[in-house]
Structures are given as structure tokens and as C-alpha cells.
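Worksheet: the structure to be examined is printed underneath.
To find a chain, count down the sequence lines: A is the first, B the second, and so on, and within it residues start at 1. The shown structure was predicted, so the numbers you read here are calculated from the model rather than taken from an experiment.
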Amino acid sequence: MTEIPKAYEPHSVEKKWYPFWKEQGYFKPAGDGPHYTITIPPPNVTGSLHAGHALCYTIHDTLIRWKRMQGYKTLCLPGTDHAGIATQAVVEKQLRQTEKLTRHDLGREKFVERIWDWVNQYGNVIINQMHGLGCSFDWDRTRFTLDEGYANAVLECFVKWWDAGLIYRGNRITNWCPQDLTAISDIEVEREDRKGKLYHLRYPYKDGSGFVVVATTRPETMLGDTAVAVNPKDERYSDHLGKALTLPLVGREIPLIADDFVDRAFGTGAVKVTPAHDANDYECGLRNGLAQIVVIDARGKMTDEAGEQYAGMDRFAARKKIVEDLEAQDLIEKIEDYTVPTALCDRCKTVIEPRLSEQWYVKMKELAQPAIEAVKDGRVRFIPERYNKIYLSWMENIKDWCISRQLWWGHRIPVWYTEDGEVFAARNEEEAKQKANGKAIRQDEDVLDTWFSSGLWPFATLGWPDQNAPDLQGFYPTNVLITAQEIIYLWVARMIMSGLYFMNEIPFPDVYIYATVLDMTGQRMSKNKGNGVDPLEVISLYGADALRFALLIRTAKGQDIRFAPLEKDKDKKPIRHKQVEEARNFGNKIWNASRFVLMNLGDAEPIAAKWVASDNLADRWILAQLNKTIEQVTAALDDYRMNDAAQTLYHFFWDDFCDWYIELSKALVTSTEPSDQATAARCRIVYVLEKSLRLLHPLMPFITEEIWQMLPHDGNSISIAEFPKFDAAHEDREAQAQMDTLIGVITKVRNIRSEVNVPQSSKVNLYLSTADDTAKQVINNNIENIKRLGRVEEIRLADTLPTIEASARGIVAGVDLLIPLAGLIDFAKERERIGKEISKRDNEAQGLATKLNNPSFVERASTDVVQQARERHAELVAELEKLKGSLKTLV
RNA sequence: GGUCGGAUAGCUCAGUAGGUUAGAGCGUCGGUCUUACAAACCGAAAGUCGAAGGUUCGAUUCCUUCUCCGACUACCA
């Protein structure tokens, strides 16, 4: 008999099998089946694994392991993203803290070197954390959005789009982050409602005929005002249109103009117009030929244009000062509390300053159209479906994409300028020089938006722009993209556009948007809130399989999941996580069931994981249940219903296999006498266990490998064993129905015993009767099983039940039960129990009777439903009669 | 403001192509002499399926309105 620990210990197991799989090359594409490819969403190179990642990559690994076992030539390609702003910020901060230097002190070249050092040292953290989750990704193909080959792809993309006239330069209002000192795109802006004030300012007419009141949340911008606008239909102002106003504090003369964009109902219906510092005002300024006066600089400080008493002040300090100054001149009508929709930089949370600046843009309309079509005609589908609409509504209203960033870390924009003002794109300096015909050139200082490079991910990682790259030929298009809801626009849409543009083919047919991991109050997990769960802590407490299973079983399609924080003790040591504990317990159940099987393999006969034909009910039944489970799990995985797959397996393994099959097989499996029967029983139980492990392996790779290696098996690893297939020949309705009878009888006996307080140490006698020949046969064939599992001494099966005073009665599945209770319990308990049984049936019978007496029901409901109701009613009536009869014996 | 999602047992969540007794895990209660497992076993209690209308013989499920929560989105200064 093998020595096996009583509890599953995950850590040594994980340490053992992960390197084994990797060394054996199981994570690499193999075989000549059809390809199944996933490129993972590359996490930020600065990142570390959080709960959302854990879920994301668990789903990846589950699918890829499943497909691998199904014989596909699988590739799951990992990588990281250089994350321009985030990475530069991390290294700048480090530089500031440790050496008190800014990036400007170092200079561009040195600074970029420092970032590379940092990336080489810390950039693999998140990749290593994925190993801990058990991810079977092809690490040899790991890509980084800034590595050499990838950079070529980015250049190629830029130049091609340039040549196609899709890239242009514009001097416009952009979202500017005064902290990061860069422009950011619209969708990198976070919006938040903040408490603020609405200031009502008085702008006097130049001719002294009173004043116009304008409302603003940002009084500091008034220094740059070049007009006040009202709605042309607003009668309140029609007489004053065109009149001049004197801009307070500045003294500039500005006109009162009319523009449609003004909402008459808001405030006083008059808007101050600051074309250089507000997107709306900018547009308004263009329409009306207004000057653009820049009063706030890149760092958020007031410029010289703002006037000498304000120049150099921070924008928020200036706001205060200006309000004071206006107040002093009695030019403030009132100040109201107001909720200000505030734009924040999604990286550093600094308040965005709309700023006039020169940036590069990509024209989106032309690129978006095919990508819209692809979703509309179903070549690309979102799962859950409702994201189709969300995607389409954005794509149909798409605006041009600002792609330049004033950073040093990233793909430098391949645009070159000659002294005399020529501008062109080139793949490298060589090419640029050629195009310049000997003129001196300089390259644009800016870098590209990170999403510009990650938008090429599904094909750039496979070798594009080399159209003949073997991986590109062999693995594109990928099969599914698994990603988070919040980057549908930032990333998914752009991959679809670029995939169609450069490859003429969709990058993936399925986009599975996985659940957002929330905390228990429904809030999104975030560093700021400190409500995150560290997956590594969870793994160290319960093992990777437990974490994976805990996440998968709650990942209903399209539904967010709530995940509790880790409970910690005083020293912040993690001690408990209930939701993962449930999964850990399941793992332990698998462990112990396997332990039972392994301990009873016997030494005499060689046992193999093969099904030996059997007429035995439990055998027929478990084979049918296993088969059904295979069918359901496969369908669930196929449909991205991870929770259904997990739930089905949980139920099958625990309830069917452990609670019933093992129990019903125990006598034979544990017998010490060698016999063909015992050997056959052992083979069968090993067979079912081994198949179960294969089904579970994509979800829980470690524990299944560990046990599988101990069991009789063929092959080197469960991770390349075949995923079980549904077999119609194993369906067995009859066995399932008969097993219901057996389980029903045993459960009823247990129920009666427990309800009337028969101690578990006492055995009871059991009288059974049934008119059903099949049920009779089931009982006769399972006398020993009923005795053992129901703790029964003697069983009598007859056509009618004897009349025995003081006995308990039960009815289940057409079988009547009687348990003599003399000397065992108090009758009051049994009377109470029978009373409950009666009233339960009474209620149901009455409900049915009402229904059946309703002529409309009988007429209109389908005959099946009516028939069923009649039968059930009759059954209930018969049962009630028997139960009432048994009450009489309890006196 | 707009769009979308959610509201089912004390908690976290499944489910119902409209039809008998709405499920699971955790938690709770009672029991444990059990040929693997107390991280377990056996049994039980617990739900007017968010509210109000409507369609229907029949609604937790379909429709309308409402309430509360959440996400996304928007140029309301």
C-alpha cells in the first residue's frame, strides 16, 4: 500500500511539475492538428499580477490546455507592453528619489538606457508570476512591444499609413497632462465628478451700459478670453450682439458674439470663450475667427501673456488670486457650489489641462469602416454579445487619434524634417537621408502612443511585416482574444482595424470579454482604494489550482465577480480566504478520493485505466454520468461558460463519483481476496478517476498531474493526454432512472433515521414494497448496499407492507418504506415528521386540484402539462392516504 | 444626460426556450460507531425570485413603469 499524505500539499507539487512541463516542451505548438492561437493581452512591463490578471490568464491557460489536449496545434503567445507613460514615470520617480536627478539632467539617451536597465531587471516580474499560476504559454516566443523586430513592425505601420495619407499633423487642443508633460488621447482621460464652484463673473460693456454675467468653473482661463458667446436665438442678448466688452483684470476689448453651441438654459446663457484652453471654445474660436491666447503653459503655470501679476503662478493658485481680484472690483455676481466633471490623466490622476499644441494624428474614419463591417457581419463577435453594440457605437462616432506623446520612452516617431521645412516619414535614418537629398535632417522628438504599437499585437508578434514569417503563416489569424472590458476601444478596436488593414484578415473571430473583478461591495479593485487581492498571497496560502478554480467557478459569462479580500492577522499575514477555501477543499476532495483509489490498487493484479464491461447498476450509471459530464464540460468550454464547466465537474466528482460511486464500489474495491471481479472493479474506478482528472486538468493542472502520474496511465503527462470525448454509446437513461430509485431509497432511510433521532450507532430494520418490477429488481440487486449506506440490519421486500405498530413510513419514487421504531425513538418526533410530509403534499395537491378544476387550464395548457398535473395529483393523493394511515400506528 | 448591466436563501452567485417540490458553495442548526477525506460524512432549516402594473389558463422567467446599485459614454461653460 502506498504512503500518501492525508491532505493535498500544493507547493511541492507545483514546484515539481511546472519545470517538468516546460522542459518537456509541452507549451510549444506540437502535432499537425489545426492551429489554435491566442496572443495574450500584454501587461505593462512595470506591472505585477493582480486579481484581474489572474482571472485573465487563468482563462487563457484553461482554454489553451483544453485545446492542446484536444489535439490542436496550440500556441499561447505571451509578452509585455512597454507602457510609455507608466514606465517612464516609474524610472523618473526612482531617479528623483535615489539620485535627486531629473530625466533632463541625464539627457535623452542616458535616460532611455536607464529605463532599459530597469526593464531588464524588473520587467520579468509579471512573467514569472504567470508561471506561478501554471500558465502553459510558449515562453520562447515572448515578445515586448519595444523589442527590435516589433519596432520594425511599428515603423512599417507608420510609414504605410503615412504613405496612404492617413497620418497628419495638427495644431489643436489636446488633453495635456502637466505632470507627465505629454499629450494623451481622449480615451486615456478619466472623468470624475468633483466638488467645485461655479463662478458667475461680470464682464462690463465697454460703453458702460451694464455688464454680461458669464458662468465658469475655471476663472483662471478668463485671462485668455477673446469673446463672450450667446445663443443666436437668445432674445435676452439680441440687442447687444456685436457690442464690445472689457475683459476684467486684463482690459482687453472682446466682442459679444453668437454661436449655436451655447445652451441658453445654462447659467445666464452667456459663455466666456477661451480658444486656447478649452476644446469647445477652440472650435468656437475657429468658427468666429477669434484669437488664441495661451495663458497657461505646459507645466500648468500662468504665462507672461497672463499678465505680470499672474505670470509664473500655478493654475490653481492663480484661480484663487483672480477670484480675489475680481471680488475686490465687485465683478463677481455669485459663487455657487457645483459638481464639476473633471478630466484626469488615467496614469497619474493629474487634472488635465486642455492645451493648444502641435500633434500627430491618424485619420480614423477610413480605417474604422472595415472594422465596423467585420463586427456587423459577424466575422468578429464579442462574447457576451452586448459588447458588439458598445464597440459599434464608439466606432461609428470615432474621432481622429492623437498618436504623439512628449515622452522619451517609446517608439520615436519616424518623421524627419529638413531645414527648409520638408517633412516626410522614413523607416530609418538611411532612408531619411536619401529622401532628403543631402539636406540636413532632424527626427521628430516625440514618441508614439503605446497603443499604436500594441494595436499591432496579433500579427507583429508573429513576425509581421515579414509576410512569409513561418509563425505568421502558421498561426494567424488567432482564434480568440480574451481581454478586459475597459480596453475595447483602446486596444481591441485598433487591433481589428490594423489587422484588416495590414493582413486583410480579422485578427480573431471571438473577443471574449471576461468579468471585472470587484470587491465585496461591488467596487472595482484598484491600488488607490487598496481593495485588491494579491493573487500571489492567495497562491501561497492555497495553491494555484485553488485560486484558478475559485475564479473560474464564479466567472459566469458576462457577469462581474465579487472577490473578497484576504483575511489577515495582526501582522498582515494572510490567514484565510473563504471563496478560495471552497476550491481548496475541492482539491483536497480530489486528493482523498484518489488516495482511496491508490491505496486499493492491490498488488496481485496489474490494474489499468480501462473500462471492463459490467451489468452492475452503479457501473452503468457512473459511465453514463461521466459521459454526460464530458458532453457538458466540452460544451461549456466551447461557449466560454467557465463557471458551468467548473460547476459541472465539481458536482460530478464530489456528488456522483465520491458520494455514490466510490461508496457503492467499496466492497469490491477494498476486498483483500484476489478475484477477477475485484480486479475489474479496480480497473473501472481507475478508469473513471483517470478520465475525471483529464477533464479537470485544464482547470486545475497541478493536482491532476500529480495524481495522474501515480495512477496507472499511458503517456508522459496528463497535459498532453487526450481530452475525453463524448460517446453516444455510453448514454444510459435506464441506469440513470434506476439509480434515482436506489439513491432515493437510501436517502429516505437516512432521512427518517435522522429526523426521528435514531442514533447512528443503531441499525434499523427496513420493510419495502413496490408495485414496480424494475424497482423491485433494483432493490434486490442492492440489498447489501442499502444495508451498508442506510445502516440497516434486515431488509424485507414484499408486495405489501406489514402492519407494525409504532413504525415510521416513507414514500419515495414509487417505493413504500417502513421502519419499525419500537424501542428506538419517541413517537412524537415521527408524528411531527409525518405531519410535515403530509402538509407538504397537501399544499401541492391542493394547488394542482385548483389548476385542474380550472376549465381554461385544461383547455388551453398543452396536453402534456395537463397530463403531468393529473398524474402528479393522483400520486400525491395515494401517498397522502398511506401517510395518514401510518399516523394511526403511532399511538 | 445617454446607453448597457445587476437586484433570486444570512453572504457570494447559478438558473428558468413561461408549467409539478427555484439550485450550489459558504454560513446556521442537529448528528457522526462509518474500510479516502473533520478541508470530511449524514441529515435539516432557510427564498412573497427588488416594487407596481400588464400579457397569459399559468409569470421568478415575457412587456411597461418605478426604486436602488454598478459600468461605460457625453462639449453643458
Side-chain angles (χ1 to χ4, degrees), chain A residues 4 6-8 191 198 214-218 221 229 261-263 265-267 270-274 278-281 283-284 340-341 384 386-387 389-390 393-394 397 485-486 488-489 516 518 520-524 553-554 556 558-564 578-579 581-600 643-644 647 650-651 658-659 662-663 666-667 669-671 747 750-755 757-763 788-789 791 840-841 843-844 847-848 851 854-862 864-866 868-869 871-873 875-876:
Chain A
I4 301 167
K6 282 185 93 166
Y8 174 59
R191 298 191 190 262
L198 187 63
V214 296
T216 180
T217 54
R218 305 189 55 207
T221 61
F261 90 101
V262 182
D263 176 359
F266 187 88
V271 187
K272 58 190 265 327
V273 183
T274 325
D278 181 278
N280 266 322
D281 294 3
E283 298 291 336
C284 173
V340 184
R386 68 189 143 93
Y387 289 111
K389 222 174 130 185
I390 290 176
S393 72
W394 187 72
N397 298 299
Q485 193 217 121
E486 70 259 25
I488 291 177
Y489 308 142
T516 307
L518 308 172
M520 294 311 266
T521 62
Q523 303 282 306
R524 192 186 201 95
I553 203 166
R554 30 185 59 76
Q559 221 39 63
D560 292 343
I561 66 181
R562 289 181 189 215
F563 208 56
K578 276 191 199 165
Q579 291 166 311
E581 205 167 81
E582 167 196 329
R584 184 273 314 260
N585 292 354
F586 179 51
N588 200 234
K589 189 70 182 176
I590 297 171
W591 182 257
N592 276 293
S594 307
R595 186 167 177 262
F596 168 79
V597 172
L598 288 165
M599 281 166 37
N600 288 290
N643 62 326
D644 281 347
Q647 189 73 56
Y650 186 97
H651 171 254
C658 292
D659 288 353
I662 289 186
E663 292 306 329
K666 248 177 193 167
V669 168
T670 59
S671 76
T747 303
R750 288 168 169 174
N751 168 267
I752 291 172
R753 294 176 52 111
S754 174
E755 288 277 305
N757 293 340
V758 175
Q760 294 194 35
S761 52
S762 336
K763 293 200 171 178
R788 203 168 63 80
L789 299 179
R791 306 215 50 80
K840 220 162 89 182
R841 285 173 172 77
N843 285 340
E844 202 190 327
L848 284 169
K851 237 182 191 181
N854 179 352
S856 327
F857 173 70
V858 182
E859 277 166 35
R860 305 210 188 183
S862 78
D864 270 10
V865 170
V866 176
Q868 261 176 34
E871 279 168 18
R872 177 66 183 158
H873 186 256
E875 194 183 348
L876 286 167

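Under a cutoff of 6.0 Å and an axis angle of 45°, A/Lys666 and A/Phe596 form a cation-pi pair.
Of the P atoms belonging to B/U28 and B/C11, the separation is 15 Å, rounded to the nearest Å. B/A40 sits 38 Å from B/C69 when the P atoms are compared, rounded to a whole Å. Straight-line distance between the P atoms of B/A7 and B/G15: roughly 10 Å, to the nearest whole Å.
Across all strands, A/Lys389 comes closer than 4.0 Å only to sugar-phosphate atoms, never to a base (heavy-atom distances). Within 4.0 Å of A/Gln485, counting heavy atoms only, lie sugar-phosphate atoms of the nucleic acid but no base atom. Nucleic acid contact for A/Asn588: base, since at least one base atom lies under 4.0 Å from a heavy atom of the residue. Within 4.0 Å (heavy atoms only), A/Arg791 reaches at least one base atom of the nucleic acid. Residue-level contact check: A/Arg750 touches the backbone only, with heavy atoms under 4.0 Å from sugar-phosphate atoms and none from bases. When heavy atoms are screened at a 4.0 angstrom cut-off, A/Lys578 is found touching the sugar-phosphate backbone but no base atom. Base contact: A/Thr670 has a heavy atom under 4.0 Å from a base atom. Using a 4.0 Å heavy-atom distance criterion, A/Glu283 is classed as making no nucleic acid contact.
Using the Watson-Crick or G-U wobble rule with both distances under 3.5 Å, B/G23 pairs with B/C13. Applying the Watson-Crick and G-U wobble criteria (two distances, each under 3.5 Å), B/A59 pairs with nothing in any strand. As the counterpart of B/A74, no nucleotide is assigned, since no Watson-Crick or G-U wobble pattern has both distances under 3.5 Å. The nucleotide B/G50 finds its pairing partner in B/C66, both defining distances of the Watson-Crick or G-U wobble pair being shorter than 3.5 Å. Judged by Watson-Crick or G-U wobble contacts below 3.5 Å, the nucleotide B/A44 has B/U28 as its partner.
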N/O to N/O distances under 3.5 Å, protein versus nucleotides 60-63 of chain B:
none

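When the side-chain nitrogen and oxygen atoms of A/Asn757 are compared with OP1 and OP2 of B/G31, none of them lie within a distance under 4.0 Å.
For a distance-only test at 3.5 Å, the side chain of A/Lys6 fails to qualify as a donor-acceptor partner of the base of B/A38.
At least one side-chain heavy atom of A/Asn751 sits less than 4.5 Å from a side-chain heavy atom of A/Glu755.
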